Amino acid sequence: MMRKSKILLIYTGGTIGMMKSDEEKYVPFSVDNLLKYIPRIHQLPIDIAIESFEKPLDSSAIGPEGWLKLVSIIKSRYNEFDGFVVLHGTDTMAYSASALGFLLNGLNKAVVFTGSQLPISEVRSDARDNLITAIEISASQKVPEVSILFDNNLYRGVRSTKKNVENFDAFDSPNFPVLATAGVNIKYNLNQVFKSEKEVSFFKKVNQNVASIKLFPGMNFEFYIPMLEQPELQGLVLEVFGSGTVSFNKEQFFSFYKALKHAIERGVLVMAISQCLKGALDISRYEASSILLELNVISGRDLTLEAAVSKMMIGLANFDDTKSVKDYLIKNQCGEF
Ligand code: ASP
């Protein structure tokens, strides 16, 4: 008889495990309460163990500390389990899934994030389907990546973004096909699954000295100069227009240009990504991009903001010199490009 797959379910919080308080606000409850709503979960031919954050959190409160807590749980139980499922709020799920994609370097087991738009305690909730499908996908061991399962679609974590607060299809990976779809059967898109050539290792540090600036027509660049002059600043993600055009030029916005140039000269790594969801940067196409070339800004190609900031935070923390960080940023680590 084949051995049953063993899955570790890690509960961090989020709407999936919330219920209405007396003041009609959603508040998190404990993991034991959560699983009571799926009494038949143990009938799956899968061994499921559970770990929970001490205090379940709304995902707006999950950042580097929560990411590293997840890494430490997964690392300490890596050999014991065939796969992992992380229950997480949707608001920052794409950030956590992106960060874990980079932190779990060379991952060769599935880490599937999921959650729900309606709490599991509500009759019409999407939680039950999401959770069961995520467990089945993780147990199948077919997608050894960090992914997000939502509304029957499996997305690569480092490619995903939250797109909808209303409908059940809350996520998308606009620049990459889905890794699996669940209907009567779960159909895997195996050609698209990322195959790591590295041995698994676990990054343990995140550098929070990273900022991002989203350009918009008419913005007052002066506001951002003090930020560029912060001595602690080490990384900057610039969200530029379309295929890589920018609204600052040397003549009109000289002080901003100068502050950006100085920041780059003292070692701040600046990476540009597009505000568009689909397609990649091409900073050689328009005259209006030339300043990015002149300043030697790193092209973030088709990265999402979530992947760009987390990659920057993890690259800066885990490599010592600027050249190694830059090499890390430029290279495809886990299918993010
Ligand atoms: N505010 C919730 C959270 O992200 C939303 C959700 O889970 O869908 O924790």
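Both counts, for ligands and for their atoms, begin at 1 and track the order of listing. Worth knowing before you read on, the calculation uses all heavy atoms, side chains too, and leaves out hydrogens, waters and symmetry mates. In this text the structure is predicted, and so the values were computed from the model without any measurement.
From the protein, the heavy atom lying nearest to atom 8 (O) of ligand 1 is Thr90 OG1, 2.4 Å.
Proximity to Gly14 (heavy-atom distance under 4.0 Å) selects the following atoms of ligand 1: 7 (O), 9 (O). With ligand atoms numbered from 1 in the order given, ligand 1 contributes 2 (C), 5 (C), 6 (C), 7 (O), 8 (O) to contacts under 4.0 Å with heavy atoms of Thr15. Less than 4.0 angstrom separates some heavy atom of Ser59 from each of these atoms of ligand 1: 3 (C), 4 (O), 9 (O). Interface of Ser116 with ligand 1, defined as ligand atoms under 4.0 Å from a residue heavy atom, comprises 8 (O).
For Lys162, no nitrogen or oxygen atom sits less than 3.5 Å from a nitrogen or oxygen atom of ligand 1, counting backbone and side chain alike. The shortest N or O to N or O distance between Ser60 and ligand 1 is not below 3.5 Å. Not one N or O of Thr92 is nearer than 3.5 Å to an N or O of ligand 1, by distance alone. For a threshold of 3.5 Å applied to N or O pairs, the pair formed by His88 and ligand 1 contains no separation below that value.
Side chain of Ser173 to main chain of Asn175: no donor-acceptor pair is present (N/O by atom type, distance under 3.5 Å, no hydrogens or angles).
Remark: Lys69 qualifies as a cation-pi partner of Phe53 under the 6.0 Å distance and 45° angle criteria applied to the six-membered ring.
With respect to Leu154, the side chain to side chain contact (heavy atoms under 4.5 Å, CB included) criterion is satisfied by exactly one of Asn189, Thr114, Val112, Val178: Val112.
If you look at Phe248 and Phe256, their ring centroids are closer than 6.0 Å. Ring centroid separation for the pair Phe202 and Tyr78 comes in under the 6.0 Å cut-off.
By the 30° and 60° cut-offs, the orientation of the rings of Phe319 relative to Phe203 is perpendicular.
Atom CZ of residue Phe194 and atom CZ of residue Arg159 lie 10.5 Å apart, to the nearest 0.5 angstrom.
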